[in-house]
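To keep things clear, I will list the structure first and then write my remarks on it.
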Amino acid sequence: MARCFSFRWMRIAAVALVAMVGVNSAQAQFVCSDHDDLVARLAEAFQEKRIGYGLAGDAAIIEVFVAASGTWTMLMTDVRGRSCIVAAGDGWESIGAVTVTGRGA
């Protein structure tokens with residue numbers, strides 16, 4: 001249990017550190033960066049790829065990135081292209097595909 005707990009905190013700290021590179025101290029507390037930069041850092045540091053996304057009202061998009069190792073990160077991106085890590089963890093399990101035909105279907 002202690003090993004799993006420390007791994008989670010180390011991963012969260014690593015994601016935060018990667019995301020904060022080039023971010024001023026006022027923004028650092030939010031773990032935010034330009035969308036393309038943050039996505040590239042997730043791919044480089046954790047080999048995570050986007051598996052899906054959805055709208056959060058009219059102001060944001062939520063994206064989920066997952067690695068084959070089971071690590072995952074959830075990003076929220078606003079209309080200006082600024083992305084923030086809102087959750088991250090490990091042990092991701094895919095339970096099946098959902099077919100969506102479009103809005104209102």
Side-chain angles (χ1 to χ4, degrees):
M1 177 73 177
R3 181 175 162 196
C4 182
F5 177 79
S6 64
F7 172 75
R8 253 188 222 130
W9 282 109
M10 289 184 344
R11 182 180 186 296
I12 291 169
V15 169
L17 181 62
V18 167
M20 289 187 302
V21 173
V23 177
N24 70 38
S25 62
Q27 292 175 325
Q29 62 185 327
F30 299 110
V31 189
C32 299
S33 185
D34 176 72
H35 180 264
D36 293 339
D37 291 340
L38 195 50
V39 169
R41 290 177 185 150
L42 289 173
E44 183 179 315
F46 301 104
Q47 296 74 47
E48 292 182 354
K49 297 179 182 179
R50 185 173 73 172
I51 63 163
Y53 63 92
L55 298 176
D58 293 334
I61 295 174
I62 301 293
E63 299 171 284
V64 177
F65 293 80
V66 176
S69 65
T71 63
W72 59 270
T73 304
M74 185 179 292
L75 298 183
M76 182 173 64
T77 304
D78 65 19
V79 294
R80 297 175 313 201
R82 180 178 180 210
S83 295
C84 298
I85 296 174
V86 295
D90 56 9
W92 182 268
E93 292 288 333
S94 294
I95 57 172
V98 175
T99 303
V100 178
T101 58
R103 294 181 85 150

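We count residues from 1, following the sequence as given. All values below come from the heavy atoms of this structure, side chains included, with hydrogens, waters and symmetry mates left out.
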Problem - Polar contact flag, side-chain donor to acceptor under 3.5 angstrom, S69-Q47 - result: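 Not at all, the side chains of S69 and Q47 share no donor-acceptor pair under 3.5 Å.
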
Problem - side chain to side chain donor-acceptor pair (under 3.5 Å) partners of D78, counting only residues at least two apart - result: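 Once residues adjacent in sequence are excluded, the partners of D78 under the side chain to side chain donor-acceptor pair (under 3.5 Å) criterion are R80.
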
Heavy-atom side-chain proximity of [X] to [Y] below 4.5 angstrom:
X: V66; Y: E48; answer: no
X: L38; Y: T73; answer: no
X: W92; Y: V64; answer: yes

To the closest 0.5 Å, what do you measure between [atom1] ([X]) and [atom2] ([Y])?
X: L75; Y: I85; atom1: CG; atom2: CD1; value: 6.0 Å
X: L55; Y: I62; atom1: CG; atom2: CD1; value: 10.0 Å
X: R82; Y: M76; atom1: CZ; atom2: CE; value: 9.0 Å
X: D90; Y: W72; atom1: CG; atom2: CH2; value: 9.0 Å

Handout entry: Minimum-distance pair of heavy atoms, taken over all atoms of A67 and F46
Key =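 A67 and F46 have their closest heavy atoms at CB-O, 3.3 Å.
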
Exercise for the section: Give the cluster check for V79 versus I61: same hydrophobic cluster or not, with ILVMFWY residues linked at side-chain heavy-atom distances below 4.5 Å. Expected result: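 Different clusters.
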
Exercise for the section: Using the salt bridge (charged side-chain N to carboxylate O under 4.0 Å, His left out) rule, collect all pairs that involve residues 61-70, keeping only residues at least two apart or in two chains. Expected result: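 Listed by first then second residue: R50-E63.
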
